[in-house]
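Scroll down for the structure; my scribbles are underneath it.
Numbering starts at 1 and runs along the sequence shown.
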Amino acid sequence: MSKTAAPAPLAADPSRWKALVFIALAQLMVVLDATIVNIALPSAQTDLGISDGNRQWVITAYALAFGGLLLFGGRIADKWGRKNAFIVGLIGFALASALGGAANGEAMMLGARALQGAFGALLAPAALSLLAVMFTDAKERAKAFGIYGAIAGGGGAVGLILGGFLTEYLNWRWTFFVNIPFAIIAAVGAWMIIREPAGGRNRAPLDIPGVILSTTGLVALVYGFTRAESAGWSDAVTVAMFVASAVLLAAFVFVESRVKSPLLPLRVLLERNRGGVYLSLGLAVIAMFGLFLFLTYYLQVVKGFSPVKTGFAFLPMIAGMITGSTQIGARLMTRVPPRLLMSPGFLLAATGMLLLTQLEVGSSYPALILPAQLLLGLGMGTAFMPAMSLATHGVNPADAGVASAMVNTSQQVGGAIGTALLNTIAASATTAYLTDHAAAVAAGGPAAKLVQAQAMVEGYSSAIWWAVGILVASSAIALTLINTGRPGAGGPVASGDGAGADADVKIPVIAH
């Protein structure tokens, strides 16, 4: 054992479980915000006079800032201190939320959403990297990441419930104001409880060219997919965004391989286990984001559910995710290799998604949607937990923030791709169905309404078939690329940092 691994007093720090409460609360706030505003958007659009053409920017402004600045935020956390970045991110997010809730027009709303995204990009990687450096014992780490994984996976569905309740019974502005108490409690708790170990900061100078290239490249990529959803894949601006993104990100990789202190050390990205996590998780999120979108529309538009009833309809998925993450993933994480949790987990989720390809206008919620959601939740919860843990496993402590940022980046880009790609597939299938049944639509009356509902469901079903294939691909990637053994066991470990056989003890060495 390396002599640097001997001092590990952090494992006995009694404050780490208290700290987890506040870290989890902050993560819940960030994940909630990805979906809670979707439910409130129609009401906010009417009150603020936002045009149909610009309403997407309420979602896009957040996604662009969050996705584009994540790597920068992760490196700032490494350089400035994760506790400091965490608290500043919380305070900034709360202030931006207050601004959004008090918005009196389109410009103020969009500015608030961009600020939320920017502070979220600082907060999210700081939260995950704090877990990475505070929980070093394999069994405790499994439990902590089980809780974190459940929140990361199920928080979006919780946002649908909370968004529906606040919009229906209070006001859309409360979907923003609700973040403020979350942020205050988490910030005060973090200030009092979290004790970040010394020696883990990255004191290297900031890689300014890397910051510029990564931010602009990711913004162009996210915007390209977002625009494709509304303007089409052949739109000149859409194509230009994808080309610009490819050039900028290629330049970013070139620069990172040459500079002395890179923003994203390629060893973080190219180590096969972490690379497998980033890729498989990003693909899985494509499928999940598409599902949230389609099920929300199916339940509200086709089945006539209220916003609150729609939110509660997602409860089985949340229950499945919590069970899969805390009862299956966390319990087995120290007993079996991560790939034997992730790969079957994604396959189980694909089975649940496969059930949803049978959706029809008159489908029964208890007979079809409920069991499908349970399978999806169990599968994704089981897979998310080891994925979150493995994403920072064996990484150099000074790179923990940027490694954490890569997890969030893969999820954010996956979400943008999923929303645009699957929505486009669904829209094409719906249009084709309506074209084939044009006579019935032209006749009007109840028959026409039924055909339109059937066309929507046909679109959802077609897109969900793609989601099934994407989840199967995630399973195959996890099984193929991830080869590390269970924590504490022998076998291949994360050696991309040059750690060799001591990669498992790279996190504890910072506690001197």
Side-chain angles (χ1 to χ4, degrees), residues 19-40 58-74 76-77 82-83 85-101 112-132 145 147-163 175-187 189-190 194 222 281 285 288-289 292 318 321 384 388 391 401 404-416:
L20 175 62
V21 173
F22 302 110
I23 292 170
L25 185 63
Q27 175 65 12
L28 176 62
M29 183 184 70
V30 172
V31 177
L32 280 177
D33 210 70
T35 53
I36 195 171
V37 176
N38 289 348
I39 296 279
V58 177
I59 307 299
T60 305
Y62 178 87
L64 290 180
F66 189 62
L69 292 172
L70 270 167
L71 287 178
F72 183 38
I76 288 293
R82 295 163 194 96
K83 177 178 176 178
F86 184 73
I87 292 172
V88 170
L90 281 167
I91 294 170
F93 201 92
L95 292 173
S97 297
L99 193 66
R113 289 293 283 164
L115 277 176
Q116 278 187 310
F119 283 108
L122 181 63
L123 175 60
L128 183 56
S129 57
L130 276 171
L131 284 190
F145 276 93
I147 294 168
Y148 189 90
I151 290 171
V158 175
L160 296 172
I161 296 174
L162 193 57
T175 60
F176 288 90
F177 291 146
V178 73
N179 291 327
I180 299 173
F182 279 132
I184 291 173
I185 293 169
I194 291 177
V222 174
L281 199 59
V285 169
M288 288 301 294
F289 265 65
F292 282 148
I318 300 171
M321 284 183 173
F384 261 63
M388 290 293 178
S404 302
M406 273 304 302
V407 183
N408 288 282
T409 300
S410 67
Q411 290 179 278
Q412 188 65 27
V413 172

So which heavy atom on [X] is nearest to which on [Y], and how close?
X      : Y      : answer
Leu90  : Ala183 : O-CB, 3.6 Å
Ala126 : Ala85  : CB-CB, 4.1 Å
Ala127 : Ile23  : O-CG2, 3.5 Å
Leu70  : Ala124 : CD2-CB, 4.5 Å
Ile180 : Ala94  : CG1-O, 3.8 Å
Gly120 : Phe93  : N-CD1, 3.9 Å

Quick one: are Phe384 and Met321 in side-chain contact, heavy atoms under 4.5 Å?
no
Does any part of the side chain of Phe66, heavy atoms only, come nearer than 4.5 Å to the side chain of Arg113, both counted from C-beta?
no
Quick one: [atom1] on [X] to [atom2] on [Y], what's the gap to the nearest 0.5 Å?
X      : Y      : atom1 : atom2 : value
Ile87  : Leu122 : CD1   : CG    : 11.0 Å
Phe22  : Ile194 : CZ    : CD1   : 8.5 Å
Met288 : Leu281 : CE    : CG    : 11.0 Å

The test is side-chain contact (heavy atoms from CB on, under 4.5 Å); show your working for Leu115 and Leu95 and say whether it passes.
CA-CA 9 Å; Leu115 277 176; Leu95 292 173; over 6 Å; no
